[in-house]
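Have a look at the structure below, then the notes.
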Amino acid sequence: MTLLRHTNTDIKPRKALTVNAAKTCQPVGAMYAALGIHRCLPHSHGSQGCCSYHRSALTRHYKEPVMAATSSFTEGTSVFGGQANLLKSIETIFEVYAPDVIAVHTTCLSETIGDDLPQIVSKADDKGFIPEGKMVIYCNTPSYIGSHVTGFSNMVNGMVKLLSESTGEKTGTYNLIPGWVEPSDMRELKRLMSVMGLNTIMFPDTSDVMDTPLNGDREFYPEGGTTVEEIKAAGDSSATFGLGSFASKAATELLTSKCSVPSEVLDLPIGLRATDRFIDAVRSTAGVEVPNSLTRERGRLVDLMSDMHQYFHGKRVALVGDPDQLIALSEFCADLDMRPVYIVSGTPGKIFETKVLERLEERIPEVKIANGANADMYLLHQWIKQEPVDLIIGNSYCKYISRDENIPMIRHGFPILDRVGHSLFPTVGYMGGMRLCEMILEAFLSKLDRESPDEKVELVM
Amino acid sequence: MSTEKPSLEELKEEMVSAYPSKVAKKRAGQILLNDVAEDGTVPEIKANTRSTPGIITQRGCCYAGCKGVVLGPTRDIVNLVHGPIGCSFYAWLTRRNQTRPPTEESDNFINYMFSTDMQDNEIIFGGEKKLAEAIREVYDNFKPRAIGVFSTCPVGLIGDDVHAVSRKMSEELGINIFGFSCEGYKGVSQSAGHHIANNQLFKHVIGRGTEAPEGKFRVNLLGEYNIGGDAFVLEDIFERCGITLCSTFSGNSSIDQFERSHLADLNLVMCHRSINYIAEMIENKYGTPWFKVNFIGPDGSAKALRKIAEYFDDDELRANVEKVIAEEMVAVEKAKALYTPRLQGKKAMLFVGGSRAHHYQDLFAEVGMETVSAGYEFAHRDDYEGRDVLHSIKVDADSRNIEELTVTADPEEYRPENADIKQSREEAGMAFSDYDGMMPEMKKGSLIIDDISEHETEILLKKVKPDIFCAGIKEKYGVQKFGIPCKQLHSYDYGGPYAGFSGAVNFFRDIDRMVNASVWKHLKAPWAKGA
């Protein structure tokens with residue numbers, strides 16, 4: 001039996017139909033970003049279903065409570081506009097849930113109506129619904145433009161726009177805008193900055209928010225998250241490193257134009273060379289030495305790549321997911337001498353293909369890249385049907401292809417609904433590179449162990 | 001430290017006191033202590049009213065009720081979502097509707113998601129052209145027998161006519177294509193979407209079939225969505241009893257089952273909230289009577305089977321039903337003996353759905369557990385108080401916008417003989433078109449909360465400390481951070497099946513596993529235990 005029995009090799013051009021999407025909509029990204037602010041309650045300005053779906057998707061991925069409120073639009077709201085509902089929401093949220101910040105994002109509904117967020121928030125302030133010292137920040141996240149990554153980027157951009165300030169006095173601190181990565185990755189990025197000896201403001205920061213301990217006392221607002229003061233102070237930092245141009249470029253560049261903080265947008269530090277570029281950029285910008293411990297950490301990753309090279313070499317890989325991740329992963333796969341042949345992201349952006357090709361350095365002439373409209377997992381599966389791969393890297397939905405085609409997969413990206421680990425163990429940095437190698441090897445070798453003829457089963461590998 | 005616990009009345013006060021006064025007043029009407037009078041009068045609860053903006057609610061939207069709940073389990077209809085990508089993405093395989101196509105070649109689209117991925121261009125200039133093209137592309141790629149088109153929020157606003165496009169494309173392609181105006185903002189919860197799904201299935205699908213399956217006792221099972229394989233369990237029981245399942249709405253279903261469902265002799269309603277409209281409309285048009293069943297719990301399952309046998313008044317069927325019940329009860333009794341001592345006296349709370357918060361109370365009771373507090377996410381007053389109150393429910397602006405079909409007897413296809421059987425059974429005391437609701441079956445003094453909020457949940461968890469809390473994925477981990485296990489009754493936590501007799505055994509085992517898990521003893525570090 002096959003799970004995706006209607007998928008075949010006959011690729012028909014499509015203009016209007018998306019099947020098995022390789023992206024979702026903006027607001028879920030905005031909600032995730034907002035969770036990375038300390039004592040912030042994300043607020044979805046639209047119908048109840050949006051908030052419910054986004055909370056569910058994030059909860060299933062992170063296995064953590066996701067608190068967020070909604071404007072609960074009705075048919076009447078859709079006719080008369082969402083102002084009354086947002087005012088009521090702001091009043092009620094501060095009274096009942098007492099956050100430091102409400103982070104409002106829009107939905108396709110409130111965008112189509114044309115609700116004016118700055119005007120409504122200012123009205124809420126006039127009415128005294130925003131207590132002294134508390135804030136409402138906001139951003140526009142129309143679901144019919146971009147993807148969940150765009151929504152994440154827009155909310156982070158909103159943080160800079162509405163919070164960051166320049167006092168004219170530099171603090172010697174460095175900003176890190178991590179992009180949409182796991183709480184484990186955010187924790188690891190902070191560790192790397194600390195190993196480099198730098199004071200860092202990282203925002204958003206979902207570590208200690210989306211990976212909280214179980215101890216019998218739930219914190220409605222967990223310990224983690226970047227504080228409003230920190231995001232404000234980001235305007236006085238010495239420099240900003242933005243990781244991943246799709247998720248972090250907008251906020252990084254806004255901080256430069258708004259507060260004159262010099263900045264650099266780098267690839268997500270996934271894999272050896274992207275991590276090298278990140279560490280090297282931090283080193284040269286901050287004028288610090290890379291400590292020996294970190295160079296040795298790097299060496300351990302290189303050692304692993306060399307030890308296990310025979311199992312990576314020549315393996316054909318399909319990559320599907322979010323652009324910042326795939327740009328870095330395609331390079332890392334090629335550096336392991338694997339062949340990333342199919343690369344699919346639903347998140348639209350002209351630089352995606354350019355960047356991937358740049359990172360592949362003409363090593364994979366057979367590569368096929370699909371991006372934006374109709375770049376979906378149905379197309380990827382059709383490609384795989386035409387010429388198979390040895391490994392799929394992507395979110396949980398890849399398992400339907402993996403099972404049908406008996407191709408091993410490793411889970412990376414969003415959402416991962418059927419496994420744990422991603423929120424606890426990083427894939428960024430050298431440590432993350434080692435973990436990726438381990439996961440890929442496990443996928444290959446367990447298949448080999450399972451399927452080799454008896455006499456070919458190897459004890460030592 | 002005082003060990004005295006606040007009374008439930010005090011808890012209610014504490015819950016509403018945190019709200020702004022208008023909100024407090026509204027919520028006070030949705031929180032009450034159960035007190036059913038001796039003459040059967042049930043206290044009135046406010047239900048199916050708007051959630052307050054800003055209050056963290058469990059509820060979803062109309063689209064979720066229509067596409068997600070009712071049509072989601074179908075396998076051979078391509079469910080095409082017209083809108084931005086998210087709505088289709090989030091409903092992709094997340095409800096665990098299992099399905100078993102009869103052959104390797106049978107259509108099965110359940111693992112796919114389909115969307116028009118509406119862009120800003122369509123928001124400005126209209127999306128009908130893209131929808132028509134997407135339908136054509138669905139046909140070119142998948143050749144389905146039928147396509148359902150689901151409207152999302154912006155579709156209603158920009159005025160795309162999904163029904164007109166569906167009609168036109170149906171003519172062009174020669175297959176059944178039908179639309180659902182289930183924009184997320186309609187109604188106050190998923191409930192509006194159930195009603196819209198019922199209406200469109202009735203208008204466009206039910207009644208198109210001409211042949212019923214062979215069998216003496218033909219029934220439809222309405223409101224069984226095959227979460228975790230529940231429908232498989234019931235199909236097996238029916239088959240062993242000699243009852244022929246004409247259709248299931250909509251777990252493990254096919255569209256030809258829906259099309260022929262009007263040819264069954266009796267409708268059994270599981271989830272009253274989501275499907276009672278179809279039961280009523282089929283009865284009005286075709287004369288098929290319906291009654292409520294509850295196949296959650298061995299007691300309810302046995303009652304339902306016996307009632308079916310009584311309805312058909314057949315000795316062989318009666319004997320078969322008794323035989324199956326006896327066979328099934330062996331494992332159930334064994335499990336009850338094993339688990340009752342481990343679960344007796346534990347307290348449960350259920351806040352979920354439009355039926356489950358009621359149905360699962362029976363299962364807890366079987367092993368000596370008490371439901372101290374319960375409520376629905378999106379039910380109406382009749383689901384709390386019973387269908388007797390239907391006539392007194394005021395139709396508000398949000399409900400008035402949901403189409404109410406007027407259905408009359410079909411001059412050719414109405415079967416008066418079924419109505420006659422109903423009449424004679426009624427005279428013998430059998431109940432039809434019945435649902436007594438949750439409250440008459442709950443203890444006096446239990447706390448009933450409609451559309452419970454996050455804030456109210458927290459107070460229940462902190463102050464009453466139930467041994468298990470039943471809700472959905474959004475509540476799951478927040479509840480468990482308090483050290484209280486949370487059982488998901490939408491997805492069953494990827495366990496189940498829980499229906500019928502063998503399902504009850506699974507449920508008892510899972511509840512024991514959760515309530516008595518070792519991990520709850522280790523929440524505090526050894527050096528922090530006194531703290």
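Numbers restart at 1 for each chain; the letters A, B, ... are given by sequence-line order, proteins then strands. Everything quoted here is computed from the prediction, not taken from an experiment.
Using a 4.5 Å cut-off between heavy atoms, A:Y53 contacts chain B through both its backbone and its side chain. For a residue to count as touching a neighbouring chain, one of its non-hydrogen atoms must lie under 4.5 Å from one of that chain's; by this rule B:R59 touches chain A with backbone and side chain alike. Residue A:I113 touches chain B through both its backbone and its side chain, counting heavy-atom pairs closer than 4.5 Å. Interface residue B:I473: backbone and side-chain heavy atoms are both found under 4.5 Å from chain A. B:V138 touches chain A through backbone and side chain together, each having a heavy atom under 4.5 Å away. Neither the backbone nor the side chain of B:E122 comes within contact range of chain A; no heavy atoms are under 4.5 Å apart. Only the side chain of B:K22 comes within less than 4.5 Å of a heavy atom of chain A; its backbone N, CA, C and O stay farther away. Residue contact with chain A, scored on non-hydrogen atoms closer than 4.5 Å, involves the side chain of B:L157 exclusively. Both the backbone and the side chain of A:A21 come within contact range of chain B, judged by heavy atoms closer than 4.5 Å. Only the side chain of B:L80 comes within contact range of chain A, judged by heavy atoms closer than 4.5 Å. Looking at B:T94, the atoms closer than 4.5 Å to chain A (heavy atoms on both sides) sit in the backbone and in the side chain alike. Interface residue B:D107: backbone and side-chain heavy atoms are both found under 4.5 Å from chain A. With a threshold of 4.5 angstrom between heavy atoms, B:D398 approaches chain A through side-chain atoms but not through N, CA, C or O. When heavy atoms are compared at a cutoff of 4.5 Å, B:Q58 approaches chain A solely by way of its backbone atoms N, CA, C and O. Only the side chain of A:Y378 comes within contact range of chain B, with heavy atoms under 4.5 Å apart. When heavy atoms are compared at a cutoff of 4.5 Å, B:T99 does not approach chain A at all.
Ring-plane geometry between B:H194 and B:F378 is classed as perpendicular, the angle between the planes exceeding 60 degrees on a 0 to 90 degree scale with a lower cut at 30. Between B:F142 and B:Y112, the two ring planes are perpendicular [angle over 60°; tilted spans 30° to 60°].
At a threshold of 4.5 Å between non-hydrogen side-chain atoms, the residues B:S115 and B:F89 do not count as touching. Here the side chains of B:Y477 and A:Y62 are not in contact, with every heavy-atom distance at 4.5 Å or above.
With chain B as partner, the option from A:T112, A:T18, A:T77 having the largest number of non-hydrogen pairs under 4.5 angstrom is A:T18. Between chain B and the options A:A68, A:S147, A:G146, A:G346, heavy-atom pairs under 4.5 Å are most frequent for A:A68. Put simply, of B:Y19, B:W92, B:Y63, B:F114, the one with the most heavy-atom pairs under 4.5 Å next to chain A is B:W92. For chain B, the option among A:N8, A:T107, A:V28, A:L417 with the highest count of heavy-atom pairs below 4.5 Å is A:V28. Contacts with chain A were tallied for B:R50, B:E475, B:E105; B:R50 has the most, counting heavy-atom pairs under 4.5 Å. Residue with the most contacts toward chain A among B:E458, B:M113, B:R136, B:E133: B:M113 (heavy-atom pairs, distance under 4.5 Å). For chain B, the option among A:S56, A:G76, A:P415 with the highest count of heavy-atom pairs below 4.5 Å is A:S56. Among B:Y494, B:F482, B:W520, the residue making the largest number of heavy-atom pairs under 4.5 Å with chain A is B:F482. Ranked by heavy-atom pairs under 4.5 Å with chain B, the first of A:P13, A:A69, A:S47 is A:S47. Interface summary for chain A: among B:M118, B:E183, B:H455, B:E454, the most heavy-atom pairs under 4.5 angstrom belong to B:E454. Among A:L86, A:I102, A:V66, A:T70, the residue making the largest number of heavy-atom pairs under 4.5 Å with chain B is A:T70. Most heavy-atom pairs under 4.5 Å with chain A, from the set B:G472, B:G65, B:S106: that is B:S106.
A side-chain donor from one of B:E377 and B:Q190 sits under 3.5 Å from a side-chain acceptor of the other. Side chain to side chain, A:D404 and A:T2 fail the donor-acceptor criterion of an N or O pair below 3.5 Å. Residues A:Y32 and A:T206 have side chains that bring a donor and an acceptor to within less than 3.5 angstrom of each other. For A:S52 and B:K474, the side-chain atoms include at least one donor-acceptor pair closer than 3.5 Å. Checking A:D115 against A:Q83 by side-chain atom types alone, no donor-acceptor pair falls below 3.5 Å. A side-chain N or O of A:H43 and one of A:S71 form a donor-acceptor pair less than 3.5 Å apart. Side-chain contact check for A:N20 and A:H381: no donor-acceptor pair (N or O, by modelled atom type) lies under 3.5 Å. Inspection of the A:T59 and B:K476 side chains reveals no N or O donor paired with an N or O acceptor under 3.5 Å.
The six-membered or imidazole ring of A:H54 lies near that of B:Y90, with a centre-to-centre distance under 6.0 Å. A centroid separation of 6.0 Å or more is found between the aromatic rings of A:Y138 and A:H45.
Counting non-hydrogen atoms of neighbouring residues, nucleotides and ligands closer than 6.0 angstrom, the CZ atom of B:R145 exceeds 12 such neighbours.
Salt bridge present: A:R14 and A:D376 bring a charged side-chain N and a carboxylate O closer than 4.0 Å.
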